[in-house]
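As C-alpha cells, the structure follows; a few thoughts come after it.
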Amino acid sequence: MAKYLYEGNLNEPVNYRKKGSIEYYIRGTVKANGHTYERYGIKTHFIEAGENYMNLIQQYIIPFIENGDIISVSEKVISMCQKNIVHMNDVKLHQFTKLISKLGKKTDSGIGITEPYKLQLMIDINGLGKVLYAGVIGAFGKLIGKRGLFYKILGEDTAGIDGFYNHSAFEVYHTIATLNPKEPTKVCNDIYERFSIPIMIVDANDIHVNILGKCALLKNISNENLAALIEDNPAGQDDEQTPFIVIRDITSKKAEPYIPKKPLFAPSV
C-alpha cells in the first residue's frame, strides 16, 4: 500500500501564493532532525526535452530562494533537460513481453510491469533472464512480507524508468519514458557551484523517496534525513507542475496558513 495517497492535483487554490513573478503553493510543514521546515511547490511551465536546467534555476528559484533553503528537484526535470529519454517508437515490443506484463499488478503509485512497453524497456536494459529472475524472487518476497525485491535486484536505473503512461495528464508522457538523470551528484554540484544553492535530485512518489544525488554541502546529512523532508511527496503525482520544492527552516518563525488536501490514505489516518 502507498505510504501517502491523494486523489488528483495537490494545488489547492487556498494554498496559492505569488512572490513577484513566481507562483507557488504552500505544501505544509514537516518536523525533522529537531527542526520545523516549511515546503513550497514552485509552479513552472511544462519542461520540454532539451531545456537548460541552469536557466530553470535562474528563472524559478533565484527570485524566491532565501539563505539556508534546500531545493529538491524531480529527477524527471533533469532527465528531460539531458534528453535522457526513450521514445515508445524506439522500443520493439515482443509478444512474450505482452504476455508476462499481464502477470503484473497495478499499484497505487502508478504503472510498473503491467505496461508492456515499460517492461520491454526493463528487459532491453537488463536482459530477459534477469527480469524473469527478479519477477520470481519479487513474487516470492511478497508472499513472505518482503516487498520491493524486484527493483532491488534490477537496480536504481530500472526503478527510475518513468513514463509510457497513457493516463498521464501530459500527452507527451503517453509515448516517452524518462530514465534516471546522468551523473546526478555532478549536476547538483554544478548547480551549487554556480548559484550557491544546496540542492538534491530525488525520485519520489507516494510510496518512497530515493535521493539520487546531492551537492557536497549536503553530504553530511544522511539520505534518510533528507528524504524525511519530502516523505509526503510534496511535488505531487498529478499535473501540478511543481517539480522544484523549496525546503525552508522556520523553526523560530510562524508557518504560513495552510489547508492540506485530505489524503485517501496516510500513516496518521
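- A cation-pi arrangement is found for Lys19 relative to Phe64, the charged atom lying closer than 6.0 Å to the ring centre and inside a 45° cone about the ring normal.
- Using a 3.5 Å distance cut-off with no hydrogens or angles, the side chains of Tyr151 and His208 do not pair a donor with an acceptor.
- Environment of CD in Glu224: sparse, with no more than 12 heavy atoms of neighbouring residues, nucleotides or ligands closer than 6.0 Å.
- Residues Ala228 and Ala32 come closest through the heavy atom pair CB-CB, 4.4 Å.
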Side chain to side chain contact (heavy atoms under 4.5 Å, CB included), that's the test. Do Val246 and Ile70 meet it? Break it down for me. CA-CA 6 Å; Val246 176; Ile70 297 173; over 6 Å; no
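- Hydrophobic clustering places Leu179 together with Leu154 (ILVMFWY residues linked when any side-chain heavy atoms are closer than 4.5 Å, directly or through intermediates).
- Considering only heavy atoms from C-beta on, Phe96 comes within 4.5 Å of Leu128 through its side chain.
- No path of Ile, Leu, Val, Met, Phe, Trp and Tyr side chains, each step under 4.5 Å between heavy atoms, connects Val202 with Leu217, placing them in separate hydrophobic clusters.
- Between Arg39 and Ser72, the side chains place no donor N or O within less than 3.5 Å of an acceptor N or O (distance only, hydrogens not considered).
- Taking CG from Leu212 and CD from Glu183, the interatomic distance works out to 13.5 Å, rounded to the nearest 0.5 Å.
- No close placement of the Tyr173 and Tyr165 rings is indicated, their centers lying 6.0 Å or farther apart.
- Leu229 and Phe244 end up in different hydrophobic clusters when Ile, Leu, Val, Met, Phe, Trp and Tyr side chains are linked at under 4.5 Å.
- In the displayed structure, Leu132 atom CG is contacted under 6.0 Å by more than 12 heavy atoms of other residues, nucleotides or ligands.
- Following chains of ILVMFWY side-chain contacts shorter than 4.5 Å, one can reach Tyr117 starting from Ile125, so the two form part of one hydrophobic cluster.
- The heavy-atom pair separating Val91 from Leu121 by the smallest distance is CG1-N, 4.4 Å.
- Checked against Arg248 for a side chain to side chain donor-acceptor pair (under 3.5 Å), the options Asn67, Asp69, Thr36 give a single hit: Asp69.
- In this structure, Arg194 does not pair ionically with Asp190, as no charged nitrogen and carboxylate oxygen lie closer than 4.0 Å.
- The line from CE of Met200 to CD1 of Ile211 is 4.5 Å long, rounded to the nearest 0.5 Å.
- The side-chain contact (heavy atoms from CB on, under 4.5 Å) test applied to Ala255 returns Thr29, Glu38, Ile250, not counting sequence neighbours.
- Using a cutoff of 4.0 Å between basic side-chain nitrogens and carboxylate oxygens, Lys118 and Asp162 are not scored as salt-bridged.
- In plain terms, the two heavy atoms of Leu93 and Pro116 that are nearest each other are CD1-O, 3.6 Å.
- In this structure, the separation between CD on Glu240 and NZ on Lys43 is 8.0 Å, given to the nearest 0.5 Å.
- With contacts defined as side-chain heavy-atom distances shorter than 4.5 Å, the pair Ile247/Ile71 does not qualify.
- Checking side-chain atoms of Asn15 against main-chain N and O of Ile259 turns up a donor-acceptor pair under 3.5 Å.
- Interatomic distance, Met122 CE to Ser101 OG, rounded to the nearest 0.5 Å: 11.0 Å.
- Contact detail for Thr178 and Met80: the closest heavy-atom pair is CG2-SD, 3.8 Å.
- Ser79 and Asn180 form no side-chain donor-acceptor contact under 3.5 Å, judged by distance and modelled atom types alone.
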Side chain to side chain contact (heavy atoms under 4.5 Å, CB included) assessment of Tyr37 paired with Lys31: CA-CA 6 Å; Tyr37 297 89; Lys31 294 185 183 296; over 6 Å; no
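- There is a path of hydrophobic side-chain contacts, each under 4.5 Å, that joins Tyr60 to Ile57.
- In this structure, the side chains of Tyr16 and Lys18 come closer than 4.5 Å at one or more pairs of heavy atoms.
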Let's go through Phe164 and His87 carefully: what are the C-alpha distance in whole Å and the side-chain angles of both, what is the deciding distance for ring pair (Phe, Tyr, Trp, His ring centres under 6.0 Å) to 0.1 Å, and is it a yes or a no? CA-CA 9 Å; Phe164 295 154; His87 292 271; 9.1 Å; no
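- Smallest separation of non-hydrogen atoms from Pro243 and Thr44: CD-OG1, 3.6 Å.
- With contacts defined as side-chain heavy-atom distances shorter than 4.5 Å, the pair Asn52/Cys81 does not qualify.
- Interatomic distance, CD1 of Ile42 versus CD1 of Ile61, reported as 5.0 Å (0.5 Å rounding).
- For Glu193 and Asn189, the side-chain atoms include no donor-acceptor pair closer than 3.5 Å.
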Intermediate values then yes/no, side-chain hydrogen bond (donor to acceptor under 3.5 Å, both in side chains), Gln120 and Thr97: CA-CA 6 Å; Gln120 185 65 61; Thr97 304; 2.6 Å; yes
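- Between Lys261 and Asn9, the side chains place no donor N or O within less than 3.5 Å of an acceptor N or O (distance only, hydrogens not considered).
- Arg27 contributes no side-chain N or O that, together with a main-chain N or O of Gly41, makes up a donor-acceptor pair within less than 3.5 Å.
- More than 12 non-hydrogen atoms from other residues, nucleotides or ligands lie less than 6.0 angstrom from CZ of Phe170.
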Just do the side chain to side chain contact (heavy atoms under 4.5 Å, CB included) check on Glu51 and His45 with the steps written out, would you? CA-CA 11 Å; Glu51 292 197 46; His45 65 278; 2.9 Å; yes
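- Here the closest heavy-atom approach between residue Ile201 and residue Pro181 is recorded as CG2-CG, 4.1 Å.
- For the atom pair OH of Tyr192 and NZ of Lys214, the computed distance is 15.0 Å after rounding to the nearest 0.5 Å.
- Other residues, nucleotides and ligands contribute more than 12 heavy atoms inside 6.0 Å of the CD atom of Glu12.
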Evaluate the criterion side chain to side chain contact (heavy atoms under 4.5 Å, CB included) for residue pair Phe195 and Ile62; output intermediate values, then yes/no. CA-CA 8 Å; Phe195 297 110; Ile62 295 304; 3.6 Å; yes
